[in-house]
Amino acid sequence: MVDPRSLLRLRPEGLWCPEGDFYIDPVRPVERALITHGHSDHARSGHGAVLATRETLDIMAIRYGENFAGTTEEAPLGKTQAIGGVRVTFHPAGHVLGSAQIAIEKNGARVVASGDYKRERDPTCLPFEVIPCDVFITEATFGLPVFNHPAASTEIHRLLDSMRQFPERTHIVGAYALGKAQRVIALAREAGYTDTIYLHGALIRLCDYYTEQGIDLGPLEPATSNSAPPAGALVIAPPSAVDDRWSRRFADPLASFASGWMRIRQRAKQRGVELPLIISDHADWDDLLLTIRETGAEEVWVTHGREEALVRWCEINGITAKPLHLAGYEDEAE
Amino acid sequence: MERFAELLDRLVLTPSRNGKLRLLKDYFASQPDPDRGWGLAGLTGGLDFPAIKPAMLRTIATERLDPVLFAYSYDYVGDLAETVSLVWPESRSRRNSTPSLDEIVQRLSSASRSDAAGVMSDLLDELTPSGRYAAIKLATGGLRVGVSARLTKQALADFGNVPVEEIEELWHGVVPPFTDLFQWLEGSAPKPTSAALAPFRPVMLSNAVAENDFASLDPADYVAEWKWDGIRVQVVSEKGVRRLYSRTGDDISGTFPDLLEHMNFEGAIDGELLVGHPPTRTGTFSDLQQRLNRKTVSKAMLRDAPVFVRCYDLLIDGNEDLRPLPWVERRKRLEAFVATLEPDRFDLSPLVTYHSWDELNDMRCTPPHPVIEGVMLKRKDSAYMVGRPKGPWFKWKRDPHTIDAVLMYAQRGHGKRSSFYSDFTFGVWSGPEDDAALVPVGKAYFGFTDQELRELDKYVRNNTIERFGPVRSVRADRNHGLVLEIAFEGLNRSTRHKSGVAMRFPRISRLRWDKPANEADRLETLEQLLQETAFEAPQIE
């Protein structure tokens, strides 16, 4: 049997598979890249060939233009294909629309690179699928016991409660353009909010794309059209716009931010967030542990995030673990 | 409990006063008795659970979680209560509903030193992370949510639609969980009668006098007193109960045992708390600051910075309420009253003799003592009224000091101002004339108009040389820089600031777009002023 650990190696460009001569989410331009999802730190432009899910390819085209790579190929979820000496399968990761884990197999040995993932239900993407494996490469964005995300639905109710309590104030929710923004909107719709939701310009194309993919986001309008949104409206914007000059156009804006980082009070305070919403597209501590256990992996490699705590937990629980110090992924981007 | 926890989380992140008031009022309106009363007690520091110690928290947390993982977590979060609340493992046996605030208070107060750890662990098992945080903060004291007792009383007044003075007057006669108070505010019970001795009486406040007020005021109708730069207090002693109150009704008796010892009278005095020895020395506000907000007072402090009260008014004499009497009557009674008190601890606020507003103005501008910050005008026939009625009392403050400083750093504001650079650090020149450097002397975030704020914000963005998080460093050198005229009330010596001076109440009074940066003031100007105000001035008559 092949040593599963030999299937992937770390290079400056990123995780590299020698037998298939491809990289997973490389941070520099390479000949052949497999991309887990469309967030810009994982999906960069300028590769020779890109293999990814249909949605991820579409999202990259929206963000970088049609010519973001030499050639592109769609990887249907669950369909195995041979690349060089290995077999590769994409499985849903539950992170954002189109997000996938990548399983690499050879002679019965299997390694799974999780990309970014979460276990909580998300109305805008397919749920995470547990893939049993020998080596599990997990992200660790929220790899500390302090991160336990409450149910996203309770957080959305806090937002709607605040809108009722402060009906004269425009609530501006900071949310990353891909995934979080659409999830917040979809959750608000599930909670019964039917009014028009107003969007910062940077979110419009991706929200349109989600809608085209059959995800119902309800009535949306640009926040910056000729008529400003009425006082008390719900506005979604990239986090950096919430407290910048852009927000001055709104009636007494109330700054909110949907992010797993909002679990820490000081983080919310530093950013001047009045209403922190703990809504994350990453697994929290308990879900990281649950996932490691469910994969049955004998060895865990921990990437981008707080590696040390997760490695420590694995050691205590008799699982071999090591940190992979991958450079170039944004700790903050959530 | 979860509603109280949510309230705390919202309060700490809500910058605006009105926002906080609404959160508090809605909380009082939505919560049942006695929960809301315990919440009120927690917010105003009225709860104490001596059996619960912060050190115990770390111990019980590391019984549940690997100490190394706990250490990583604490390192990251930086606050013990928050760390424990977040890393505490979810209990499988958790009930469907979390315990009420009332139940938590009962359980915490019945805890003894020996079973406190068990009581706390059980509570943490039954709560959510936010609830755990609130329970820990409540149990160990110090909620620190940016809500003053004064603001809380205002919220109660808003909730019951009554003047805040009524709340202040009652405050020391009601006890947690304040059921009688809430029922009165809701209109379902009569106003509680305070049985407490030595209660606080709402203070009478003055309005600032405006230039055009003088046309309609007759100097003969008014008397003038110096306005001393200490803190306004109410000194009450009734049947052996002695209380010193701040002007908003906070009980500050514990900080001033040296004064309490000499309050051997029956009555209530309105006066100014100052440091020094009345016949010979009146200390500055910064001297007094050493004595404020202390939990324990050292012997050295009592010796070096004794406090006394300069008496302005007499509200209660024996058991007679003097407040309805005209000022002249009260003043006669006050003079007789103060004559019987310990002269090292009480003296009479002297009257200022004048014949015209111009004459008084001259005296106001050149007061005979550095600890005077202006004059007070009181109508001779005025009763002692609650609040800030317009007409009977005026304050006429000395003009502020001003200095021209150079803008050095700007920081993002909060709330409504979060998109603006609205907090400005400014400096003055120091060092040799041919190689002077700017040294920061203060920070100001008001005084300017909305239009000026937009101009300042634009200037900061166009002249940034470095960024540190929310702070920008602005270009400021001999040839380039924005001069700000800064108005301030006084100077203190400071060991915390590099410049050695700290301003009181600094604000931006003018933007000097016209003035070259190298013509701004030098540090020596401030040092000179510091010396002028710090010397031991001869006592006035």
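First the proteins, then the strands, lettered A, B, ... as listed; each starts at 1.
- For B:K53, the NZ atom counts as densely surrounded, since its 6.0 Å shell holds more than 12 non-hydrogen atoms of other residues, nucleotides or ligands.
- Rounded to the nearest 0.5 angstrom, A:R263 CZ and B:S85 OG are separated by 7.5 Å.
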**OP:** Evaluate the criterion side chain to side chain contact (heavy atoms under 4.5 Å, CB included) for residue pair B:Y72 and A:R312; output intermediate values, then yes/no.
**Re:** CA-CA 10 Å; B:Y72 288 154; A:R312 165 83 187 173; 4.3 Å; yes
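- Not counting sequence neighbours, the partners of B:T464 by the side chain to side chain contact (heavy atoms under 4.5 Å, CB included) test are B:V460, B:R467, B:R472.
- Heavy-atom distances place both the backbone and the side chain of A:D244 under 4.5 Å from chain B.
- Of the listed residues (B:R412, B:E82, B:R417), the one with the most heavy-atom contacts under 4.5 Å to chain A is B:E82.
- Distance CG/B:L86 to CD1/A:I264: 5.5 Å, rounded to 0.5 Å.
- Heavy atoms closer than 4.5 Å to chain B are found in both the backbone and the side chain of A:A268.
- Neither the backbone nor the side chain of B:F70 comes within less than 4.5 Å of any heavy atom in chain A.
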Original post:
Could you go step by step and tell me if B:D9 and A:R265 meet the side chain to side chain contact (heavy atoms under 4.5 Å, CB included) rule?
Top reply: CA-CA 8 Å; B:D9 284 346; A:R265 286 176 178 76; 2.9 Å; yes
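- Most heavy-atom pairs under 4.5 Å with chain B: of the set A:R248, A:E308, A:R158, this distinction falls to A:R248.
- Note on A:Q270, A:Q165, A:R169, A:K269: by heavy-atom pairs under 4.5 Å with chain B, the leading option is A:Q165.
- With rounding to the nearest 0.5 angstrom, the CD1 atom of A:I172 is 8.0 Å from the OG atom of B:S418.
- Surrounding CG of B:N462 are more than 12 heavy atoms belonging to other residues, nucleotides or ligands, all under 6.0 Å away.
- Summarising the geometry, atom OG belonging to B:S16 is positioned 6.5 Å from atom CD belonging to A:E274; distances are rounded to the nearest 0.5 Å.
- Proximity to chain B (any heavy atom under 4.5 Å) is restricted, for A:W285, to the side chain, taken from C-beta onward.
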Subject >> Derivation of the side chain to side chain donor-acceptor pair (under 3.5 Å) call for A:Q266 and B:D79 >> reply: CA-CA 9 Å; A:Q266 195 53 32; B:D79 178 277; over 6 Å; no
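- A:D161 and B:R3 are not joined by a salt bridge, as no carboxylate oxygen comes within less than 4.0 angstrom of a charged side-chain nitrogen.
- Here B:D66 is the residue among B:D66, B:V77, B:T83, B:D457 with the most heavy-atom pairs under 4.5 Å with chain A.
- Within a 6.0 Å radius of OH in B:Y459, more than 12 heavy atoms belonging to other residues, nucleotides or ligands are found.
- Ranked by heavy-atom pairs under 4.5 Å with chain A, the first of B:T14, B:V68, B:V84 is B:V68.
- Both the backbone and the side chain of A:F166 come within contact range of chain B, judged by heavy atoms closer than 4.5 Å.
- Of the atoms belonging to A:R245, heavy atoms from both backbone and side chain fall under 4.5 Å from chain B.
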